[in-house]
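Worksheet: one structure, shown below.
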Amino acid sequence: MSQRGRPRAFDRDTALQAAMRVFWERGYEQASLSELTAAMGINRPSLYAAFGDKAQLFREATALYQRTMNFTTPALARPTARAAVEAMLRDNVEAYCDPTTPRGCLVVSVAAACPDDDSEMKTMLSSKLRTVGESVRQRLKQGVEAGELPADTDVGALAAYFETVLQGLSIQARTGASRQRLHRVVDCAMRVWDSFSPEPKKRSTGRQT
């Protein structure tokens, strides 16, 4: 049985990659349909047919970003909690400052600029950020259980601190901070970790230069 209708004259995955980059560079509100369709190499009817609307396109672009630019999950799998947190921060610094991609984190950048009255979008982005925060909290909890942190450590507060540092690194990168400056911020953040450690020791930061 022959397939009815005209086949799409574009590669959907390639078009989605292009849309992701536009949203990453411009934000959600600032990215116009004209910019999106030009970057994707399609017209508006094709965009609507393939993705529904701008909001759905953004949701798919964000999901693609999280699948392809996820440096936090593998970092948190490091054998010690300290190494995991430091790798999370440093690996994301490198990603935020990669000259081949827009600066910073797409989710953090768009969430920061999202108007309060756009509750659906704000809720979606906030949920994604909370998922990252919960992953950090669980890794720190494992660190307490392994004796890397004192038993009375306020895991929730410490996780929120490192989550805040991570998001701050994205915003700083977005505004032009150098990777060297951001790695120095990570140096300071890891000194905070060492202040919680039962037996603080001088450690090599492994900072990349």
Side-chain angles (χ1 to χ4, degrees), residues 17 20 24 61-112 124-175 177-209:
Q17 286 271 1
M20 179 185 76
W24 196 350
T62 303
L64 175 63
Y65 175 83
Q66 292 190 303
R67 288 196 305 272
T68 58
M69 300 297 294
N70 181 2
F71 298 95
T72 296
T73 299
L76 292 179
R78 295 291 180 95
T80 67
R82 188 187 193 281
V85 168
E86 183 167 15
M88 175 188 73
L89 297 176
R90 295 200 188 280
D91 290 355
N92 277 291
V93 164
E94 292 300 308
Y96 296 160
C97 297
D98 186 341
T100 67
T101 62
R103 281 186 152 243
C105 168
L106 184 155
V107 176
V108 171
S109 298
V110 177
M124 180 195 73
L125 295 169
S126 296
S127 176
K128 292 180 183 297
L129 293 174
R130 283 195 300 272
T131 297
V132 174
E134 178 59 20
S135 296
V136 176
R137 192 186 74 81
Q138 290 296 329
R139 190 65 187 87
L140 295 185
K141 183 179 177 182
Q142 293 171 7
V144 171
E145 293 169 351
E148 296 181 65
L149 292 167
D152 62 352
T153 298
D154 187 337
V155 171
L158 190 58
Y161 168 77
F162 284 113
E163 183 185 0
T164 300
V165 172
L166 181 63
Q167 293 181 20
L169 291 169
S170 170
I171 293 171
Q172 287 284 307
R174 188 80 172 182
T175 57
S178 70
R179 58 193 290 274
Q180 290 81 9
R181 177 180 176 179
L182 298 183
H183 278 300
R184 289 198 297 271
V185 172
V186 179
D187 291 343
C188 293
M190 297 317 298
R191 292 190 190 103
V192 171
W193 176 284
D194 291 339
S195 72
F196 279 84
S197 179
E199 295 181 5
K201 298 177 182 179
K202 184 176 180 181
R203 297 177 174 89
S204 171
T205 63
R207 180 162 59 90
Q208 303 177 50
T209 58

Inset, instruction - Please report the C-alpha distance between T68 and L64 in whole Å, then the side-chain angles of each, then the deciding distance to 0.1 Å, and finally whether the side chain to side chain contact (heavy atoms under 4.5 Å, CB included) criterion is met. - result: CA-CA 6 Å; T68 58; L64 175 63; 3.8 Å; yes
Legend entry - Note: R90-D187 ion pair, threshold 4.0 Å (strictly below): yes
Inset, instruction - Compare every heavy atom of C105 with every heavy atom of Y96, then report the nearest pair and how far apart it is. - result: CE2-CB, 3.7 Å
Legend entry - Nearest heavy atoms of C97 and L182, plus distance in Å: SG-CD1, 3.7 Å
Inset, instruction - Could you tell me whether a side-chain N or O of R139 sits under 3.5 Å from a main-chain N or O of A77, the two making a donor and an acceptor? - result: no
Inset, instruction - Heavy atoms only: give me the nearest V165-A189 pair and the separation to one decimal. - result: CG1-CB, 4.3 Å
Legend entry - Euclidean distance, L169 CG relative to M88 CE, rounded to 0.5 Å: 9.0 Å
Legend entry - CD-CG distance between Q167 and L129, expressed to the nearest 0.5 angstrom: 5.0 Å
Legend entry - Euclidean distance, L76 CG relative to N70 CG, rounded to 0.5 Å: 9.0 Å
Inset, instruction - Report the distance from atom CZ of R184 to atom CD of Q180, rounding to the nearest 0.5 Å. - result: 7.5 Å
Inset, instruction - First locate atom SG of C188, then atom CE of M190, and finally report the distance between them rounded to the nearest 0.5 Å. - result: 11.5 Å
Legend entry - Side chains of T72 and N92, donor plus acceptor under 3.5 Å: yes
Inset, instruction - Evaluate the side-chain proximity of Q17 to Y65: yes if any heavy-atom separation is below 4.5 Å, no if none is. - result: no
Legend entry - Side-chain donor/acceptor of R137 to backbone N/O of A160, under 3.5 Å: no
Legend entry - Separation of R174 CZ from L106 CG (nearest 0.5 Å): 7.5 Å
Legend entry - Residues in ring-ring contact (aromatic ring centres under 6.0 Å, His included) contact with F71, at least two apart in sequence or another chain: none
Inset, instruction - Say whether Q142 and Q138, considering side chains only, have a donor N or O and an acceptor N or O under 3.5 Å apart. - result: no
Legend entry - Nearest atoms (heavy-atom pairs only) where A159 meets G133: CB-O, 4.4 Å
Inset, instruction - Count the heavy atoms belonging to other residues, nucleotides or ligands that lie under 6.0 Å from NZ of K141, then report whether that count exceeds 12. - result: no
Inset, instruction - Would you please classify the geometry between the F162 ring and the W193 ring as parallel, tilted or perpendicular, with 30° and 60° separating the classes? - result: tilted
Inset, instruction - Give the minimum heavy-atom separation between L149 and L140, together with the two atoms involved. - result: CD1-O, 4.1 Å
Inset, instruction - Using atom types as modelled and distance alone, determine if a side-chain donor or acceptor of S170 lies under 3.5 Å from a backbone N or O of L166. - result: no
Legend entry - Pair R82 + E148, salt bridge at N-O below 4.0 Å: no
